Amino acid sequence: MTVQTASKIGFQHVGSFLRPDNLKNARSDYENGKITHEQLRQVENDAIEKLIEQQKNAGLDYATDGEFRRSYWHLDFFWGFEGVKHTHIGEGYDFSRGRSRDDTAILSDKISFNADTHPFIQDFKFTKSITDKIGGILPKQTIPAPAQLYRELTRGENLDALNRIYPDKQEFYNDVEKAYHDAILAFYNEGARVIQLDDCSWGRLLDKKFLATDEGKKLVAENVQDIYLELNNGAIKNLPEDLIINTHVCRGNFHSDFLFSGGYDNVADNLFGKENVDTYFLEYDSDRAGSFAPLAKVSGDKKVVLGLITSKTGNLENRQDIIDRIQEASKYLPLDRLWLSTQCGFASTEEGNVITEEQQWEKLALVKSIQKEVWG
């Protein structure tokens, strides 16, 4: 595992940015048959190049493509695998104030990765070409975690397809791990040196209300935490030494709404103690996140990026309050293993959070200035 000090993490955003209006309009025009895919692609390319320039101007050390080519933070990546198809499940996820769209991913065959057909490889090549062109900023690739794919493929009627195609679950786990490992190496071969696994699967296990449901009780009985660990660790074992693997643990982020509440206590032993990532990006922007005490379980030299600045609203946090919270967290993990970010992206789905573009850049400016004050 690559050893990092907090300062070497650099200034990086969790991932997604608000889609500009012209990109939203182009996507709508494409879906309605008014423009071609090539025309949509050009609008995306222009928007991503402008975004990367904005990220450099904001002082970021790593740039993402803002997830501008995706509708969802997770599903678009799943749909790129061989053996996975796009379908509708009939109901979305129930967030605290509403329901998301009903798109999902379901197995049609055994799962594998093909670098020639998975669109994210070409997408990353473009991102890197722009960071190379601009200079002074490096590319970062975000993808959903293997555990998140497991969550989607075992959701509702999707489970029937999984059981039909993979009566032997160990074969399924092995194929998922290999597909992800192959994908990560494909990104690496194109120049990626920071890859982030976004993961809401652990978030369900933080919520006492969910754990009291029949589904929650079933997951506990099945030792689902062990499955998550096997999939995530299996995917990232035996990778090049100079490749940094981050994970972002999320409680849901859709149109400024959330899915789950609860501290990290239930999962700390496994997630913080046994998952073999370099850095955790953790949501700590509200009381729903619980205390900092579970950070004491973060093993080895792994780092934690405290998501103390919310991406869900545009109101700027009180600077001293954030600094005080960083000092509080340092009681459980040394300051040189802590860092700061927003709690999530600004647009985990194309709808985006209820925040303006100006406010998203103000949030990042606040993050950077506090990083400089606390860590120098």
Side-chain angles (χ1 to χ4, degrees), residues 6-7 9-18 51 54-55 57-62 64 66 73 95-97 142 196 198 200 203 206 246 248-264 279-295 303-348 351-376:
S7 61
I9 296 172
F11 181 24
Q12 53 180 291
H13 176 51
V14 173
S16 62
F17 286 86
L18 296 172
L51 175 68
Q54 289 175 304
Q55 290 175 81
N57 292 339
L60 274 78
D61 298 299
Y62 292 90
T64 72
W73 63 277
F95 283 74
S96 66
R97 298 186 300 275
T142 63
Q196 181 174 296
D198 293 325
C200 280
L206 310 179
N246 301 335
H248 171 236
V249 181
C250 185
R251 294 173 178 80
N253 186 50
F254 168 71
H255 209 231
S256 293
D257 205 354
F258 65 90
L259 273 171
F260 304 111
S261 300
Y264 296 98
T279 306
Y280 299 93
F281 282 69
L282 301 179
E283 293 193 353
Y284 266 115
D285 64 319
S286 73
D287 292 341
R288 291 186 300 104
S291 77
F292 293 122
L295 297 182
K303 308 297 182 287
V304 168
V305 182
L306 300 169
L308 295 170
I309 308 294
T310 190
S311 67
K312 295 184 185 295
T313 69
N315 296 330
L316 279 181
E317 286 79 357
N318 179 280
R319 182 187 190 84
Q320 190 58 48
D321 288 346
I322 299 301
I323 293 172
D324 290 346
R325 294 202 70 200
I326 293 169
Q327 296 301 329
E328 181 184 353
S330 71
K331 297 175 183 177
Y332 302 96
L333 202 65
L335 193 61
D336 64 1
R337 292 172 61 193
L338 295 173
W339 201 236
L340 179 66
S341 75
T342 59
Q343 124 280 342
C344 198
F346 295 106
S348 297
E351 289 88 347
N353 285 344
V354 185
I355 183 173
T356 67
E357 290 189 42
E358 180 181 6
Q359 288 170 330
Q360 80 178 353
W361 296 111
E362 289 173 347
K363 291 277 183 174
L364 291 176
L366 178 61
V367 170
K368 182 173 178 60
S369 66
I370 294 176
Q371 285 179 349
K372 183 175 182 180
E373 178 173 346
V374 174
W375 286 277

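Values below: all heavy atoms of this structure, side chains included; hydrogens, waters and symmetry mates excluded. Just so you know, these numbers come straight off a predicted model, no measurement behind them.
Side-chain contact between Val374 and Leu338: absent, with no pair of heavy atoms (C-beta onward) separated by less than 4.5 Å. Residues Leu364 and Ile309 have side chains not in contact (no heavy-atom distance under 4.5 Å, counting atoms from C-beta outward). At a threshold of 4.5 Å between non-hydrogen side-chain atoms, the residues Lys368 and Leu60 do not count as touching. Proximity of Asn246 to Gln12: side-chain heavy atoms (C-beta onward) are separated by under 4.5 Å at one or more points. Put simply, the side chain of Glu317 does not reach to within 4.5 Å of the side chain of Leu308, judged on heavy atoms. Residues Phe17 and Gln54 form no side-chain contact, since every pair of their non-hydrogen atoms from C-beta on lies 4.5 Å or further apart.
Distance alone, capped at 3.5 Å, places no donor-acceptor pair between the Thr310 side chain and the Asp285 backbone. For the pair Gln360 (side chain) and Leu18 (backbone), a donor-acceptor distance under 3.5 Å is present. Using a distance-only test at 3.5 Å, with no hydrogens or angles considered, no donor-acceptor pair links the side chain of Trp339 to the main chain of Phe281. The backbone N or O of Leu306 sits nowhere less than 3.5 Å from a side-chain atom of Arg325 that would complete a donor-acceptor pair. Side-chain N or O atoms of Glu283 include none that pairs as donor or acceptor with a backbone N or O of Ala289 at under 3.5 Å.
Summarising the local packing, CD of Glu358 is surrounded by 12 or fewer heavy atoms from other residues, nucleotides or ligands at distances under 6.0 Å. Heavy-atom neighbours of Asn315 CG from other residues, nucleotides or ligands within 6.0 Å: at or below the threshold of 12. Heavy atoms of other residues, nucleotides or ligands lying less than 6.0 angstrom from CG of Asp287 number 12 at most.
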Original post:
Should Ile9 and Lys303 be marked as a side-chain contact (heavy atoms from CB on, under 4.5 Å) after you check the CA-CA gap, both sets of side-chain angles, and the distance that decides it?
Top reply: CA-CA 9 Å; Ile9 296 172; Lys303 308 297 182 287; 3.7 Å; yes
**OP:** Applying side-chain contact (heavy atoms from CB on, under 4.5 Å), run through Tyr280 and Leu295 and close with a yes or a no.
**Re:** CA-CA 10 Å; Tyr280 299 93; Leu295 297 182; over 6 Å; no
Original post:
Is there a ring-ring contact (aromatic ring centres under 6.0 Å, His included) between Trp361 and Phe346 once you walk through the steps?
Top reply: CA-CA 10 Å; Trp361 296 111; Phe346 295 106; 7.9 Å; no
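Evaluated for a side-chain hydrogen bond (donor to acceptor under 3.5 Å, both in side chains) with Ser311, the options His13, Gln343, Gln359 yield exactly one hit, Gln343.
Among all heavy-atom pairs drawn from Trp73 and Asp198, the shortest one is CZ3-O, 3.5 Å. Of all heavy-atom pairs between Lys363 and Thr313, the closest is CE-O, 3.0 Å.
Because its NZ or CZ atom is both nearer than 6.0 Å to the ring centre of Tyr264 and within 45° of the ring axis, Arg251 counts as a cation-pi partner of that residue.
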